[in-house]
Amino acid sequence: MPAIEVEALRVSFGSVVAVADVSFEADAGEVVALIGPNGAGKTTTVETLEGYRRPTSGTVRVLGLDPVADHRALVGRIGVMLQGGGAYPVMGPERAIRLFASYYEDPRDPADLIELAGLGAVASTPAKRLSGGERQRLALALALVGRPRVAFLDEPTAGVDPAGRVVVREIVASLRDEGVCVLLTTHELAEAERVADRVVIVDPGRVVASGRPAELVTAARDVRFAAPAGIEVDALGTRLGAPVAEIAPGEYRVDTPATPAVVAALTAWLAERDLPLADLRAGRQSLEDAFLRLTAEGHAEGAGGR
Amino acid sequence: MSWRALRAQTAEEVRMTLEQGERLLVTFVIPILGLVLFSSVPIVSTGTAHRVDFFAPGVLGLAVISTAMVNLGISTGFERGWGVLKRLGATPLRSSTLLAAKVLAVLAVEVVQVLVIGAIAAGLGWRPHGSAWLAAGAGLLATAAFAGIGFLLAGTLRAEVTLALANGLYVVMLGISGIMFPLAKLGGFAAFARLLPSAALTDVLHPALSGGAGVPVEGWLVLAAWAVAAPVLAAATFRFE
């Protein structure tokens, strides 16, 4: 049984469709990142899994349970980190973690958690006086107090400085090692690529791609270059043996894997015509490239369907 | 219900009330200042032998209003606004346990208020002679009524609006509830004022704490009606987000 199952989820608020059609699964010991731009439906999806929202249609299951109907059975087994935290502003981390520990049957040791989250120096500083990153790490620590089997982390690295990010990444990695299923959201692709076993790209309200970060990146192989606008793409395409498209004025995409031969033919063709080459990207792309391409396709399809 | 969670939550609710200056201002400083000032300076005529005999019961009622309505309402409103209540919804702490902790904390703070205000009033010459049981019963009904009003505001309005309204109601109730001057001085308006839970509370507390003649039936009925209606309405409308 997967730890998280989302099947054809749709959530609308009145006439606003926050999530149109999202399906994915996540297993114990797996870190899955929901990525997408703001407003893509990431938080709504996570809050439906946490039991805050009811699906308009479709089903969600966490540890085989319905998050709304089986709320009471589930709350002791999930850990939740909300955007914005939700900690008592007047309480320092130690006090807040001790209070949360009283809610659970078998809580983690508060002192250990404070150390794990790197909050030792500010253990008694009221949350309202913590930095953004410290507040995020407090929210993360509070999500872990009850030894969750599934952890939902909404934007865990937003506003966290580089040192704090290392702490968050280490905690996520240790959760995976303990067999916890971690579902996190982020719009920072580099972060997703670093921490996640799998990413699910959502935009707008639907899954446009999912897989291991490396798969998504290699699936997006092509050659992109910049040159003066309006070059003869058909002639170039014939020469390269692959279609060439001007995706924006002066920006071109060759739909073929980036072999040295293709790159050599491209530069030769430009040299023969004395055309300058402003930019050339070939081979492995960043996840960001894949993401931008996939979400652009999603928008194009969405626009076409209307 | 987890007793461990209830104990820890109640202790934190009490601590959060007693450690913050703005909360102490409304729960202790204002009632005590009012008691001392009005009992010592002949601003209004009270018709009692000792001025403190008139003011002490009213200020004890004011203490209940400040804790059950103002402090509870404003703090719960901000907890809702900050997402604290939402976050607690994803823990095993049940909303019934949270509610019980908040009510127990209100009662605990009220006990401290009664001890402190009672001691100060005694220092000013107050010698209550009536029924502590009747007064306690009135205090419990009033706590239900004012906590209901506090939750009603906190669960439906934005935190800033709850803050303004709770403080505004506090001032209005302080003014027209027979706390600072006898209700009779309001003339025809007194009949309307007597429908407020605050006036009903003072109406009931005055005879209960001075062995006064007669049972103020209308006061008890008004207080009981608020004690049922306000919590029911709050429960029906409360939103955690």
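Note that the structure is a prediction, hence the values are computed from the model and not measured. To find a chain, count down the sequence lines: A is the first, B the second, and so on, and within it residues start at 1. Worth knowing before you read on, the calculation uses all heavy atoms, side chains too, and leaves out hydrogens, waters and symmetry mates.
Partners of A/S174 by side chain to side chain donor-acceptor pair (under 3.5 Å), not counting sequence neighbours: none found. For the side chain to side chain contact (heavy atoms under 4.5 Å, CB included) test, no residue two or more places apart in sequence or in another chain qualifies with A/V16.
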Hey, what donor-acceptor pairs show up under 3.5 Å between chain A and chain B?
residue, atom, partner, partner atom, Å
A/E47, OE1, B/K86, NZ, 3.4
A/E47, OE2, B/K86, NZ, 2.6
A/Y52, OH, B/K86, O, 2.5
A/R53, NH2, B/E241, OE1, 3.0
A/H71, NE2, B/G89, O, 3.0
A/V80, O, B/R87, NE, 3.1
A/V80, O, B/R87, NH2, 3.1
A/Y88, OH, B/Q9, NE2, 3.1
A/R95, NE, B/E12, OE1, 2.9
A/R95, NE, B/E12, OE2, 3.0
A/R95, NH1, B/E19, OE1, 3.3
A/R95, NH1, B/E19, OE2, 3.0
A/R95, NH2, B/E12, OE1, 2.6
A/R95, NH2, B/E19, OE2, 3.1
A/A101, O, B/R4, NH1, 3.4
A/Y103, OH, B/Q9, OE1, 2.5
A/Y104, O, B/R4, NH2, 2.4
A/L142, O, B/R87, NH2, 3.3

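Using a 30° and 60° split on the angle between ring planes, B/F55 and B/F38 fall in the tilted class, from 30° to 60°.
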Please tabulate, one pair per line, all N/O donor-acceptor pairs under 3.5 Å involving side-chain atoms of residues 23-35 of chain A, not counting sequence neighbours.
residue, atom, partner, partner atom, Å
A/S23, OG, A/A8, N, 2.7
A/E30, OE1, A/D27, N, 2.8
A/E30, OE1, A/R198, NH2, 3.4
A/E30, OE2, A/R198, NE, 2.8

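Proximity to chain B (any heavy atom under 4.5 Å) is shown, for A/L142, by both the backbone and the side chain. The part of B/L88 that comes within reach of chain A is its side chain, from C-beta onward, which places non-hydrogen atoms under 4.5 angstrom from that chain.
Separation of atoms OG1 (A/T185) and CZ (A/F152) is listed at 12.0 Å; rounding is to 0.5 Å. Between the CD1 atom in A/I171 and the CG atom in A/L153 there is a gap of 9.5 Å [rounded to 0.5 Å].
A salt bridge is defined here as a Lys NZ or Arg NE, NH1 or NH2 lying under 4.0 Å from an Asp or Glu carboxylate O, and A/E191 with A/R169 meets this definition.
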